[in-house]
Amino acid sequence: MKRGLIKTAEEIEIIAEGGRLLRDVLYAAAGMVRPGISTWDLNQFAEKEIKNAGGRPSFKNYGDKSNPFPAGLCTSINSVIVHGIPSRQAVLKEGDIVGLDIGMEYKGLYTDTAITVPVGKISAKAQKLVDATKKSLNAAIAEARPGNTIGDIAYATQKIAENAGFSVVRDLVGHGVGYEVHEDPAVPNYGKKGQGMKLAEGLVIAIEPMLCEHEYFIVMENDGWTISTRDGGLSAHFEHTVAITKNGARILT
Ligand code: MG
């Protein structure tokens, strides 16, 4: 039987437990980011730590059987927006920014979270993009409460992004999460206040703004996963799994 979008209090506690463990893995991997490390090494570490935490890396083997995602961690460098594939050849350099996006199945329930990390000293522009992306996620989360709508979240994200002089990706969106890696509803990062589904207590969503330095158009690389900015500009990504509670959003990651 297909389960609905609303999670029980017990399920939310399990998602929160998994989310805390996953956040620790993500921050430990982020702590390893430095010039000279490969994204392969970051992924090996993250997969091992997820297993040590009692979870399963939910991105690994995700997708179509003909081309499943090969890793537990997405590593998205500079102009890569999301879904970059870890590789021994992808060695981080001073001045890069790298998005680390990670998902875990824990006790049968899923969480999803991402951050963008500077590699050594980065440009003022890159720092501004990273800061605006984080700020837009926080603004979006502040709108995630019962009675508000998906559009309120979307509007808050877009406003912060565009006021900072950046664009928000249209073709990739946040999503419900919990029983599956990706569930309904779609949670766009652009939109109008009051539009879309009303948020209800017990809904669990992954909110994930993706901001671009210039235009928001995307291209898919030949590997069938890596999604980059069409114009080659930088992009940053932050994501939390949150539960809608009667008191507002509860961040679970
Ligand atoms: Mg996600």
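No experiment lies behind these values; they were computed from the predicted model shown. For ligands, and for the atoms within them, numbers begin at 1 and follow the listed sequence. Heavy atoms only: backbone and side chains are in, while hydrogens, waters and symmetry mates are out.
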Give every donor-acceptor pair under 3.5 Å between a side-chain atom in residues 116-126 and any protein atom, sequence neighbours left out.
residue : atom : partner : partner atom : Å
Thr116  : OG1  : His237  : N            : 2.9
Thr116  : OG1  : His237  : O            : 2.7
Ser123  : OG   : Ala126  : N            : 3.0

Legend entry - Inter-residue atom distance Ile244.CD1 - Lys198.NZ, 0.5 Å rounding: 13.5 Å

Inset, instruction - Report, as a single number, the protein N, O or S atoms less than 2.8 Å from the Mg ion (ligand 1). - result: 4

Legend entry - Residue pair Asp131 / Lys135, side-chain heavy-atom distance below 4.5 Å: no

For residues 29-42, which side-chain N or O atoms pair as donor and acceptor with protein atoms under 3.5 Å away, sequence neighbours left out?
residue : atom : partner : partner atom : Å
Ser38   : OG   : Trp40   : N            : 3.4
Ser38   : OG   : Asp41   : N            : 3.1
Ser38   : OG   : Asp41   : OD2          : 3.4
Thr39   : OG1  : Ser87   : N            : 2.9
Thr39   : OG1  : Ser87   : O            : 3.3

Inset, instruction - Can you tell me which residue pairs pass the salt bridge (charged side-chain N to carboxylate O under 4.0 Å, His left out) test with a partner in residues 74-95, sequence neighbours excluded? - result: Lys93-Asp96

Inset, instruction - State yes or no: do Val173 and Phe59 share one hydrophobic cluster built from I, L, V, M, F, W and Y residues joined by side-chain heavy-atom distances below 4.5 Å, directly or via other members? - result: no

